[in-house]
Amino acid sequence: MAPAALKAVLAADTVLASGGLTKSDKEIIKLVISEAAGCDYCVAAHSHLAKLVGLAPEVLKQIRDGQPTGDAQRDALVAFVDKLARTSGTISHKDFVAIKAAGYSDAQLVDISLAFATTVFTNVFNRINDTEIDFPAVA
């Protein structure tokens, strides 16, 4: 429907692929944002893709449910991204200190922001178009 928009999203994904986040980090970010937005299609897609990069189904359920996973760095990322999603990006100094203390660099915070932006776009696109879920059901 809009080749230029697709090109922009794919270019952003290329930038993220060469950035400082792990594949798991990127899928966690996308899953948390999709869950907060209520995008069933994106939750299913990113749950499936997260499994493919090595995240266990029980960890994904904990992330979707907002429960601790037992991994301090992962839980800090989940909390930070959830806060971004629920406050339209407004974070406190305490939030900033917490994500930095978890080991994320300034460059990774830029990558988190880019992943956030592209995921919001895909969430909105899929909700507007009521995209049919073609990924395995989320349990």
Side-chain angles (χ1 to χ4, degrees):
M1 289 184 266
L6 177 60
K7 184 176 179 179
V9 171
L10 293 175
D13 282 344
T14 299
V15 169
L16 287 171
S18 64
L21 297 173
T22 67
K23 290 178 181 180
S24 293
D25 285 344
K26 288 180 277 194
E27 289 307 325
I28 288 167
I29 292 164
K30 293 174 180 186
L31 179 59
V32 170
I33 295 163
S34 299
E35 184 68 34
C39 181
D40 294 341
Y41 179 86
C42 294
V43 168
H46 294 298
S47 293
H48 177 72
L49 294 170
K51 287 178 194 174
L52 295 178
V53 299
L55 288 164
E58 60 272 11
V59 168
L60 297 174
K61 181 162 180 17
Q62 291 166 322
I63 291 169
R64 287 191 306 268
D65 292 346
Q67 300 298 315
T69 66
D71 180 290
Q73 187 175 35
R74 178 174 48 226
D75 290 345
L77 179 62
V78 169
F80 183 76
V81 172
D82 187 65
K83 181 82 174 250
L84 289 174
R86 296 186 190 284
T87 64
S88 299
T90 303
I91 60 166
S92 68
H93 180 70
K94 180 182 171 185
D95 298 323
F96 180 74
V97 168
I99 194 68
K100 296 286 285 191
Y104 288 93
S105 69
D106 290 336
Q108 288 172 310
L109 291 175
V110 172
D111 289 343
I112 290 168
S113 299
L114 181 57
F116 185 97
T118 60
T119 305
V120 168
F121 172 81
T122 58
N123 283 182
V124 170
F125 177 85
N126 286 307
R127 293 188 80 194
I128 287 170
N129 290 290
D130 196 22
T131 306
E132 183 179 332
I133 300 173
D134 54 358
F135 287 94
V138 174

Check your understanding: Got a sec: does the CD of Glu58 have more than 12 other heavy atoms crowding it under 6.0 Å?
Key -> yes
Same apolar cluster (I L V M F W Y, side chains within < 4.5 Å links), [X]/[Y]:
{"X": "Leu109", "Y": "Val32", "value": "yes"}
{"X": "Phe96", "Y": "Tyr104", "value": "yes"}
{"X": "Val120", "Y": "Val15", "value": "no"}

Over all heavy atoms of both residues, which pair between [X] and [Y] is shortest? Give the atoms and the distance, please.
{"X": "Thr22", "Y": "Asp25", "value": "OG1-N, 2.9 Å"}
{"X": "Gly103", "Y": "Gln108", "value": "O-OE1, 3.6 Å"}
{"X": "Ala115", "Y": "Thr118", "value": "O-OG1, 3.2 Å"}
{"X": "Ala12", "Y": "Leu114", "value": "O-CD2, 3.8 Å"}

With side chains defined as the heavy atoms from C-beta onward, is the minimum distance between [X] and [Y] less than 4.5 Å?
{"X": "Asp13", "Y": "Lys26", "answer": "no"}
{"X": "Pro57", "Y": "Lys51", "answer": "yes"}
{"X": "Ile112", "Y": "Leu84", "answer": "yes"}
{"X": "Ile63", "Y": "Val59", "answer": "yes"}
{"X": "Ile33", "Y": "Val81", "answer": "yes"}

Would you give the length of the straight line joining atom [atom1] of [X] to atom [atom2] of [Y], rounded to the nearest 0.5 angstrom?
{"X": "Phe80", "Y": "Phe116", "atom1": "CZ", "atom2": "CZ", "value": "9.5 Å"}
{"X": "Cys39", "Y": "Leu31", "atom1": "SG", "atom2": "CG", "value": "11.0 Å"}
{"X": "Lys30", "Y": "Asn123", "atom1": "NZ", "atom2": "CG", "value": "11.0 Å"}
{"X": "Leu55", "Y": "Asp71", "atom1": "CG", "atom2": "CG", "value": "9.5 Å"}
{"X": "His93", "Y": "Ile91", "atom1": "NE2", "atom2": "CD1", "value": "10.0 Å"}
{"X": "Leu49", "Y": "Leu60", "atom1": "CG", "atom2": "CG", "value": "10.5 Å"}

Per side-chain hydrogen bond (donor to acceptor under 3.5 Å, both in side chains), Asp65 is matched among Gln67, Gln62, Lys61 by Lys61
Are any of the side-chain nitrogens in Asp106 or Lys100 under 4.0 Å away from the carboxylate oxygens of its partner?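 Counted as a salt bridge, because a side-chain N and a carboxylate O are separated by less than 4.0 Å.
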List the atom pairs, donor and acceptor, that lie under 3.5 Å between side-chain atoms in residues 40-47 and the rest of the protein, sequence neighbours left out.
from: Tyr41; atom 1: OH; to: Asp134; atom 2: OD1; distance (Å): 3.2
from: His46; atom 1: ND1; to: Glu27; atom 2: OE1; distance (Å): 2.7
from: Ser47; atom 1: OG; to: Val43; atom 2: O; distance (Å): 2.8
from: Ser47; atom 1: OG; to: Arg64; atom 2: NH1; distance (Å): 3.0

- prompt: Is the Phe121 ring parallel, tilted or perpendicular to the Phe125 ring (thresholds 30°, 60°)?
  reply: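 Parallel, since the angle between the ring planes stays under 30°.
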- prompt: If only atom types and distance count, is the side chain of Asp130 paired as donor or acceptor with the main-chain N or O of Arg127 below 3.5 Å?
  reply: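 It does not hold such a pair.
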- [ ] Check whether any side-chain N or O of Asp111 sits under 3.5 Å from a backbone N or O of Gly20 as a donor-acceptor pair, and report yes or no.
- [x]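 Indeed, once roles are kept as given, a pair shorter than 3.5 Å links the two residues.
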